[in-house]
Amino acid sequence: MSKEITPKGEDYSQWYLDVVLKAELADYAPVRGCMVIRPYGFAVWEAMQADMDRRIKETGHLNAYFPLFVPKHLLEKEKEHVEGFSPECAWVTIGGGEELEEPLAIRPTSEAMICTMYAKWVKSWRDLPVLINQWANVVRWEKVTRPFLRTTEFLWQEGHTLHATEREAEEETMRMLGMYRDFYQEVLAVPVVPGRKTDSEKFAGALRTYSVEALMGDGRALQGATSHNLGQHFATAYGIEFLDRDQQRALPWSTSWGASTRMIGGLIMTHGDDSGLILPPKVAPYQVVIVPIPPRKGDWNEAVLPKCREVAALLRGAGVRVHLDDRDTQQPGFKYADWEMRGVPLRIELGQRDIEGSQCVLVRRDTRAKENVPLGGLAARVGEVLPALQRDLLERARRFLAENTRRVSSYDEFKQVMADRRGFLVAGWCGSADCEARVKQETRATIRVIPLDGASPSGPCVRCGQPATAEVYFAQAY
RNA sequence: CGGGAUGUAGCGCAGCCUGGUAGCGCACCUGCUUGGGGUGCAGGUGGUCGUGGGUUCAAAUCCCGCCAUCCCGACCA
């Protein structure tokens with residue numbers, strides 16, 4: 001395996017691909033636009049999934065599973081939804097060697113299927129709310145794909161809920177947006193800007209769409225997760241009705257919210273460096289890797305390995321995910337580079353000299369700082385450094401976000417900054433779709449979000465000069 | 001779907017202009033060597049040159065078609 005990767009500064013997008021492939025997170029598959037998530041990458045996904053699944057359940061949701069195929073007539077029930085998704089649908093038209101009477105879409109999202117079932121299940125106000133989540137794969141026939149960031153098939157979770165009132169639905173939408181924000185920050189160490197999408201960017205069929213937006217190392221924004229208040233659109237289209245307390249027929253309000261394997265792309269681009277990936281301890285498949293240092297050929301197995309095994313067991317006992325790299329076919333220097341590429345947060349070097357001094361060398365992946373740690377205090381020290389590293393990654397990413405979020409007052413300044421440095425530009429917007437479209441055409445930047453905690457607009461619309469209705473975040477998006 | 005480029009070993013490339021037994025680096029295998037930041041040396045395995053046709057005694061090389069991939073735009077989690 002060649003270990004050289006393209007430096008970030010030379011070609012960011014090549015750097016990203018190099019990390020994905022050389023850290024063995026994923027590989028290209030022999031199918032257009034699809035990737036294989038390799039064991040190391042899948043372990044990262046599983047760690048993310050486990051944490052998010054817990055959060056989803058703690059907020060009262062239950063997991064279920066719905067079919068992959070969506071009959072054409074069901075997908076077509078909600079007009080805006082079908083118009084939004086039909087261009088990127090894959091269709092199955094033959095089954096068992098015979099042409100199907102009705103084509104089946106491979107789900108691009110599951111509103112159609114799930115709402116159809118909800119229409120069967122919900123009869124009374126006592127059946128509400130319905131709080132269901134699904135972990136699944138979906139297919140969207142994208143024209144341009146990149147590993148994790150945009151693939152034809154991807155893995156995600158999609159929550160689908162029904163509520164008796166608009167207020168409850170909006171609360172749910174915001175609760176899950178907050179869940180995503182917290183997950184990004186606490187688990188992935190990625191700071192995000194939560195906010196509402198403009199009409200042109202909202203989900204096909206939604207009343208309102210919210211998202212969390214992160215800023216990547218090249219100054220482009222990545223939509224991290226979305227939460228939609230679907231209003232009564234889907235209940236109407238799929239005939240979901242219930243009798244309320246007053247014995248009146250009523251339409252429930254629905255929400256949906258999702259986050260995908262794209263998060264792994266965001267993780268790579270937020271923390272990685274020219275030596276490869278840097279994983280936050282909370283999602284690292286291995287939080288610590290132990291590299292034994294053989295003193296002389298032949299006797300390292302007797303001298304060093306038992307001590308390394310002892311240290312590994314000690315740390316495992318303290319709840320740390322440890323890997324002992326006992327390959328006797330690779331040299332220490334090779335292993336350092338290898339595990340740095342894969343982003344393991346902490347490395348322990350342990351050789352004869354350390355055993356004699358009853359210590360080891362502890363090295364942080366992010367700063368490469370080395371320290372000698374007495375073996376007696378190792379578990380405690382690791383227990384301090386892992387959370388510190390997690391915090392420092394978030395802190396560093398927050399600084400980057402702050403340094404690359406600029407308030408601009410004139411359109412000339414807007415165009416200038418968007419051309420040289422990109423990042424988030426905060427500016428007034430008059431609320432017209434026309435201004436939004438022109439800015440996109442002229443600068444390739446779109447309105448990522450109207451921030452939730454947005455100050456009331458202080459100036460005019462950055463493009464047309466009319467009074468602004470909001471201060472919004474602009475960026476070029478992935 | 002428009003504009004540009006590229007398809008030769010697992011990966012990265014040379015060879016093509018000027019047709020004549022398919023090569024280099026990395027990876028992989030074997031042996032020795034080395035071992036606290038990607039050891040070194042020697043030997044070796046592996047390719048219907050994207051694909052179909054044409055020209056020719058002879059095609060990776062020249063000509064035509066097709067396919068695929070990548071980059072830049074329009075669409076998107």
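Values below: all heavy atoms of this structure, side chains included; hydrogens, waters and symmetry mates excluded.
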With rounding to whole Å, what would you report as the distance between [N] and [M] at their [atom1] atoms?
{"N": "B/C49", "M": "B/A68", "atom1": "C1'", "value": "16 Å"}
{"N": "B/U45", "M": "B/C28", "atom1": "C1'", "value": "8 Å"}
{"N": "B/A59", "M": "B/A77", "atom1": "C1'", "value": "48 Å"}
{"N": "B/C57", "M": "B/U51", "atom1": "P", "value": "25 Å"}
{"N": "B/C66", "M": "B/G4", "atom1": "P", "value": "16 Å"}
{"N": "B/A5", "M": "B/A27", "atom1": "C1'", "value": "27 Å"}
{"N": "B/G73", "M": "B/A58", "atom1": "P", "value": "48 Å"}
{"N": "B/U55", "M": "B/C63", "atom1": "P", "value": "15 Å"}

Q. Side-chain contact, heavy-atom cut-off 4.5 Å: A/T109 with A/F85?
A. yes
Q. Does a side-chain heavy-atom distance below 4.5 Å link A/R347 with A/E340?
A. yes
Rounded distance in Å - [atom1] ([X]) to [atom2] ([N]):
{"X": "A/R327", "N": "B/U34", "atom1": "CZ", "atom2": "P", "result": "21 Å"}
{"X": "A/F334", "N": "B/G38", "atom1": "CZ", "atom2": "P", "result": "12 Å"}
{"X": "A/E24", "N": "B/G10", "atom1": "CD", "atom2": "P", "result": "18 Å"}
{"X": "A/K22", "N": "B/G12", "atom1": "NZ", "atom2": "C1'", "result": "9 Å"}
{"X": "A/R353", "N": "B/G35", "atom1": "CZ", "atom2": "P", "result": "13 Å"}
{"X": "A/K335", "N": "B/G35", "atom1": "NZ", "atom2": "C1'", "result": "10 Å"}
{"X": "A/R368", "N": "B/G38", "atom1": "CZ", "atom2": "P", "result": "13 Å"}

Just checking [X] against [Y], ring centres under 6.0 Å apart?
{"X": "A/H61", "Y": "A/W257", "result": "yes"}
{"X": "A/Y180", "Y": "A/F183", "result": "no"}
{"X": "A/H81", "Y": "A/F203", "result": "yes"}

Q.
Using the rule given for salt bridge (charged side-chain N to carboxylate O under 4.0 Å, His left out), can you reason through A/R364 versus A/E371, listing the C-alpha separation, both sets of side-chain angles and the distance that settles it, and then say yes or no?
A. CA-CA 9 Å; A/R364 281 175 65 139; A/E371 59 176 313; over 6 Å; no
Q. Looking at A/D51 and A/R54, does any basic side-chain N land under 4.0 Å from a carboxylate oxygen?
A. yes
Who pairs with [N] - Watson-Crick or G-U, where each distance is under 3.5 Å:
{"N": "B/C1", "answer": "B/G73"}
{"N": "B/G44", "answer": "B/C28"}
{"N": "B/A59", "answer": "none"}
{"N": "B/U6", "answer": "B/A68"}
{"N": "B/G23", "answer": "B/C13"}

Q) Does NZ or CZ of A/R321 fall inside the cone over A/Y286's six-membered ring, less than 6.0 Å from its centre and within 45° of the axis? A) no
Q.
Between the base of B/G36 and the side chain of A/D354, is there a donor and acceptor pair under 3.5 angstrom?
A. yes
**Q.** Side-chain-base donor-acceptor pair under 3.5 Å for A/E340 and B/G37
**A.** yes
Q: Indicate for each nucleotide in nucleotides 69-77 of chain B, in 5' to 3' sequence, whether protein heavy atoms under 4.0 Å reach the base (B), only the sugar-phosphate (S), or nothing (-).
A: S---SBSBB
Q.
Using a heavy-atom cut-off of 4.0 Å across all strands, would you classify A/G258 as base, sugar-phosphate, or nothing?
A. nothing
(Q) At 4.0 Å (heavy atoms only), tell me whether A/V291 reaches a base, stays on the sugar-phosphate, or touches nothing. (A) nothing
Q.
It should be established whether A/Q331 places a side-chain nitrogen or oxygen under 4.0 Å from OP1 or OP2 of nucleotide B/U39.
A. yes
Q) Can you say whether the rings of A/F234 and A/Y238 are parallel (under 30°), tilted (30 to 60°) or perpendicular (over 60°)? A) parallel
